[in-house]
Visitor: 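Sending over a structure as structure tokens; questions will come in a sec.
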Amino acid sequence: ERGEYHKVYVDEVQDLTQAHIAFLFNLSASNSLFLAGDPAQSVEEGVDFRFQEVRQVAFKMGMQVPQKPYQLLLNFRAHSGILDVAKAILDKLFALFPGGSGIKLHSDKGLYKGPRPGLLQITEDALIGVMQKREVMQVIMPEERRDELSALNAAGKMVLGIRESKGLEFGEVAVVDFFSSLPKESQKRWKEMLQAEQEGKGVGMRYMFPELETQLKLLYTAVTRAQHSLYIIETRASVAGTAFFRFLLQLRIAEEQAFLESAPLLTVDEWVVRGLEFMLQATIEDVDVEQEIRWMELAEGCFGNAQNTDMQRKVQAQQQSARARKAMTAGGKGWERQTVDAMKTCLRSELWGEVERLASHVLPHLPAQLQQLMTSELLRPLEKKTRLAALRSSW
């Protein structure tokens, strides 16, 4: 219903299409829509977000046209050492692809100065050693290489793809094999792009090689996940990687390092917090069941490191529920038994909301009489328990 909400607040708006924006205008009362986003992190497939389009959508719908966007320049996440590298990437993005993201963003300012990011060219075995001795370090890399590294050792379970890391933040981040993962045809283009000094000199790249713009945005998204320490690590030599390392060194905003020393281990509480962050990602409405299971597996690893058996048990139950919902949707053999087992596990873990979710999924598969019975005997009591649990947590 149009104007159903007095105020609507939306973050990560750069991931939305014009159809999504129109839907939000319909939901909100006049002049009550608050949108926040970073066009330079517009990395979703099929989305090329510009804030100007928000105003165009409002005009076409006969709504009050929003004011021009404000730019927030004070960065509370990262210090100037990390932001200098982010600025260098943005400068290339807006110089070589003018208009690509709609507006040229001013560079963020950090609250304090910090160490320059480290550049490392090491072997894959050395990288695994670094991952094992630096629990604080979150590895982020292109999705197509993520599973390959994850399969090499248990620590690899904590590897995140760039797109799935968007919206998260970590004290220490290693961006791994971004450049060696680029397609062969992009290697020389990156070298030429980094050597283009004059603004607008590479303007034709937007039309000749549009994939470079997305690649720049992915790199920017990856480096801005870091709060305190950033490392850019390559385990394979590449033309693009060599050119980018030289580019940062010439600007004197990064330093080469031969190795990384051991770091303090994460505390129990830090592992729990990270696990809860991964669980939160699994609850986002547009996450598909495969991604939900992956987030839960990551959370389980964190709770295991924290030796928190209670949270491990709960997240394992949620994984079982997600796999049952996946089997139910696929209609494969044995989904009924799998669903019953998942419901029992969730009941033992007192995950009333998850039991209700499973029951709602199974309801359409039942005869009418059983649907009525399940609704009266299970779903309605579960709704009360879920509301009561929510009230208790708010107290």
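What you see below is based on every heavy atom in this structure, not just the backbone, and it leaves out hydrogens, waters and symmetry mates. Numbers here are sequence positions counted from 1.
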Visitor: To the nearest 0.5 Å, how far apart are CD in Gln318 and CD in Gln316?
Guide: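 Gln318 atom CD to Gln316 atom CD measures 11.0 Å (nearest 0.5 Å).
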Visitor: Give a yes or no on this: more than 12 heavy atoms of other residues, nucleotides or ligands lie within 6.0 Å of atom NZ of Lys87.
Guide: no
Visitor: For the pair Glu290 and Arg294, find out whether any cationic side-chain nitrogen is under 4.0 Å from an anionic carboxylate oxygen.
Guide: no
Visitor: When rounded to the nearest 0.5 angstrom, what is the spacing between CG in Leu182 and CD in Glu144?
Guide: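 Between atom CG of Leu182 and atom CD of Glu144 there are 8.5 Å.
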Visitor: Are side-chain heavy atoms of Ile89 and Val223 found at a separation under 4.5 Å?
Guide: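 Touching, per the 4.5 Å side-chain cut-off.
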Visitor: Who passes salt bridge (charged side-chain N to carboxylate O under 4.0 Å, His left out) against Glu354, sequence neighbours left out?
Guide: Arg325, Arg357
Visitor: Considering all heavy atoms of both residues, which atom of Ser321 and which atom of Leu358 are nearest to each other, and what is their separation?
Guide: OG-CG, 3.4 Å
Visitor: State, with a plain yes or no, whether a side-chain heavy atom of Met279 is found less than 4.5 Å away from one of Cys302.
Guide: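 Answer no - side chains too far apart.
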Visitor: Ion pair present between Lys166 and Glu143, side-chain N to carboxylate O less than 4.0 angstrom?
Guide: no
Visitor: With a 4.5 Å cut-off on side-chain heavy atoms, are Val54 and Leu33 touching?
Guide: no
Visitor: Under 4.5 Å between any side-chain heavy atoms of Ile232 and Phe178, yes or no?
Guide: no
Visitor: Please step through side chain to side chain contact (heavy atoms under 4.5 Å, CB included) for the pair Trp271 and Asn308, ending with a clear verdict.
Guide: CA-CA 10 Å; Trp271 275 121; Asn308 190 320; over 6 Å; no
Visitor: Flag the pair Val176 / Val159 as yes when at least one side-chain heavy-atom distance between them is below 4.5 Å, and no otherwise.
Guide: no
Visitor: If you apply the rule side-chain hydrogen bond (donor to acceptor under 3.5 Å, both in side chains), what do you find for Arg246 with Gln250, and how did you get there?
Guide: CA-CA 6 Å; Arg246 186 185 303 118; Gln250 287 173 345; over 6 Å; no
Visitor: Can you tell me which residue among Arg337, Gln338, Lys344 is in a side chain to side chain donor-acceptor pair (under 3.5 Å) with Asp341?
Guide: Arg337
Visitor: By ring pair (Phe, Tyr, Trp, His ring centres under 6.0 Å), which residues pair with Phe278, not counting sequence neighbours?
Guide: Trp295
Visitor: Under 4.0 Å between a side-chain nitrogen and a carboxylate oxygen: does that hold for Arg225 and Glu277?
Guide: no
Visitor: So, are Asp310 and Arg313 salt-bridged, with charged N and O less than 4.0 Å apart?
Guide: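 Salt bridge flag = yes for Arg313 with Asp310.
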Visitor: Restricting to non-hydrogen atoms, name the atom on Leu216 and the atom on Leu93 that form the minimum distance, rounded to 0.1 Å.
Guide: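 Closest approach of Leu216 to Leu93, heavy atoms only: CD1-CA, 3.9 Å.
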Visitor: List the residues meeting ring pair (Phe, Tyr, Trp, His ring centres under 6.0 Å) with Trp335, not counting sequence neighbours, and say none if there are none.
Guide: His365
Visitor: Check the pair Leu149 / Met131 against side chain to side chain contact (heavy atoms under 4.5 Å, CB included), numbers first and verdict last.
Guide: CA-CA 11 Å; Leu149 181 60; Met131 291 169 63; 4.1 Å; yes
Visitor: Provide the closest heavy-atom pair for Arg146 versus Leu160 in the form atom of the first, atom of the second, distance.
Guide: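 That would be CD-C, 4.0 Å.
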Visitor: Would you call Glu234 and Phe245 a side-chain contact if the rule is heavy atoms closer than 4.5 Å?
Guide: yes
Visitor: Could you tell me which residues satisfy ring pair (Phe, Tyr, Trp, His ring centres under 6.0 Å) with Phe23, sequence neighbours excluded, listed by chain and number?
Guide: none
Visitor: Answer yes or no: are there more than 12 heavy-atom neighbours, outside Gln307 itself, under 6.0 Å from its atom CD?
Guide: no
Visitor: Name all residues meeting the ring pair (Phe, Tyr, Trp, His ring centres under 6.0 Å) criterion together with Phe303; count only those two or more places apart in sequence or in a different chain, and write none if there are none.
Guide: none
Visitor: Are side-chain heavy atoms of Pro115 and His79 found at a separation under 4.5 Å?
Guide: yes
Visitor: If you look at every heavy atom in Ala306 and Val272, which pair is closest and at what distance?
Guide: CB-CG2, 3.7 Å
Visitor: Mind checking side-chain hydrogen bond (donor to acceptor under 3.5 Å, both in side chains) for Gln121 and listing every partner two or more places apart, or none if nothing turns up?
Guide: none
Visitor: Minimum heavy-atom separation for Arg145 and Ser180, please, with both atom names.
Guide: NH1-OG, 4.0 Å
Visitor: At what distance, to the nearest 0.5 angstrom, does SG of Cys346 lie from CD of Glu356?
Guide: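 It is 12.0 Å, given to the nearest 0.5 Å.
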Visitor: If you compare all heavy atoms of Ala240 against all heavy atoms of Leu194, which two are closest, and at what distance to 0.1 Å?
Guide: O-CD1, 4.5 Å
Visitor: State, yes or no, whether a side-chain contact exists between Trp190 and Val239 at a heavy-atom distance under 4.5 Å.
Guide: no
Visitor: Are any side-chain N or O atoms of Lys314 and backbone N or O atoms of Leu351, one a donor and one an acceptor, separated by less than 3.5 Å?
Guide: no
